[in-house]
Amino acid sequence: MKISVTSVSVGDQAKALAFYTEKLGFIKKHDIPIGDARWLTVVSPEAVEGVELLLEPNASYPAMKALKEALVNDGIPFTTFEVKDVYAEYNRLKALGVTFTFEPTDMGTTIVAILDDTCGNLIQIHQIKPGSV
Amino acid sequence: MGTQMLMDTVHQACIEHVQRYIDQHLDEPLNREVLAELAGFSIPHFHRIFTGCTGQSAASYVRRVRLIRAGQKLRMGAVDIMAVALAAGYESHAAFSRAFKKQFGISPRAFRSLGCASATTLLKKGSHHEN
């Protein structure tokens with residue numbers, strides 16, 4: 001068994017695709033109509049055959065809506081993506097107009113920052129410090 | 001009476017705009033000059049309106065939100081409390097610790113040792129305290 005797909009909860013898939021590709025730099029992998037929605041996934045350009053991120057249109061499902069709001073209210077990220085350099089990525093994304101809820105912070109083994117994906121989620125980016133793991 | 005209600009509504013919307021700006025620009029200068037200009041008021045008028053709408057001064061609101069962000073970093077395990085203090089606008093570990101303990105009832109070091117659920121509970125309680 002292997003992990004080939006993970007997901008982030010979104011409402012407007014087109015808006016999510018724009019953010020995750022134009023801002024975060026992911027590449028669209030699959031875009032398959034399913035009823036009123038799309039099986040819409042993106043991948044990292046560093047791993048185009050790797051794990052896909054599904055932009056899952058379930059934000060209006062009552063339990064997911066409550067979860068997303070609670071996570072945002074408590075400042076807890078929905079998921080985390082690894083980057084080589086959190087400070088460089090932070091500066092790049094800030095220049096693109098991305099809002100951060102907190103700036104790069106040293107957590108010991110990692111450096112993290114948290115951004116608003118404009119789709120109702122806080123997303124963490126993290127960098128593993130050399131020699132940590 | 002209708003005019004006063006309209007003014008109150010406009011003021012409330014204006015202050016909510018300022019609060020959103022503060023929440024999204026915590027690591028930028030947020031002094032009264034900046035915030036009053038953002039609201040389109042003179043400094044004294046901005047102070048009266050902000051305090052009237054929120055029950056606290058803009059400076060207190062900014063301090064409180066910065067302390068909450070500091071708490072979120074400690075909850076996640078930030079190792080350098082001095083760096084967290086500086087980012088929150090405090091020039092010394094001692095000043096930050098005093099303010100943090102006043103807000104959340106616990107020192108930053110002890111807070112960092114809490115589990116996520118306990119820390120989140122304190123952050124929520126502290127978010128309602130005056131600083």
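First the proteins, then the strands, lettered A, B, ... as listed; each starts at 1.
- Test B:Asp80, B:Val84, B:Val79 against A:Asp106 for side chain to side chain contact (heavy atoms under 4.5 Å, CB included) and you get one pass: B:Val79.
- Within a 6.0 Å sphere centred on CZ of A:Arg92, other residues, nucleotides and ligands contribute more than 12 heavy atoms.
- Residues meeting the side chain to side chain contact (heavy atoms under 4.5 Å, CB included) test with B:Ala94, sequence neighbours left out: B:Ser92, B:Arg98.
- Between chain B and the residues A:Asp116, A:Asn73, A:Thr110, A:Ile76, the largest count of heavy-atom pairs under 4.5 Å involves A:Ile76.
- For a residue to count as touching a neighbouring chain, one of its non-hydrogen atoms must lie under 4.5 Å from one of that chain's; by this rule A:Ile111 does not touch chain B.
- A chain of hydrophobic side-chain contacts below 4.5 Å, direct or via other Ile, Leu, Val, Met, Phe, Trp or Tyr residues, connects B:Phe111 to B:Tyr90.
- Cluster annotation: A:Phe81 is connected to A:Leu71 through the hydrophobic network of ILVMFWY side chains, with a link wherever side-chain heavy atoms come within less than 4.5 Å.
- B:Glu16 pairs by the side chain to side chain contact (heavy atoms under 4.5 Å, CB included) definition with B:Gln12, B:Gln19, B:Arg20, not counting sequence neighbours.
- Linking Ile, Leu, Val, Met, Phe, Trp and Tyr residues whenever their side-chain heavy atoms come within less than 4.5 Å leaves B:Ile68 and A:Leu115 in two separate clusters.
- Scanning residues 69-78 of chain B against chain A with a 4.5 Å non-hydrogen threshold yields B:Arg69, B:Gln72, B:Lys73, B:Arg75, B:Met76, B:Gly77, B:Ala78, sorted by number.
- Contacts between residues 16-38 of chain A and chain B, defined by a heavy-atom separation under 4.5 Å, are made by no residue at all.
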**Message:** Working note: B:Leu26 + A:Glu103, criterion side-chain contact (heavy atoms from CB on, under 4.5 Å); need CA distance, chi angles, decisive distance, verdict.
**Reply:** CA-CA 10 Å; B:Leu26 274 184; A:Glu103 70 281 12; over 6 Å; no
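- Note on A:Ile123: it does not cluster hydrophobically with A:Val112, by side-chain heavy-atom contacts below 4.5 Å among ILVMFWY residues.
- Within 6.0 Å of NE2 in B:His11 there are more than 12 heavy atoms belonging to other residues, nucleotides or ligands.
- One hydrophobic cluster holds both B:Leu114 and B:Leu67 under the rule that ILVMFWY side chains link at heavy-atom gaps under 4.5 Å.
- In this structure, chain B has a heavy atom under 4.5 Å from the backbone of A:Thr101, while its side chain stays farther away.
- Within 6.0 Å of the CD atom in B:Glu91, the count of heavy atoms belonging to other residues, nucleotides or ligands does not exceed 12.
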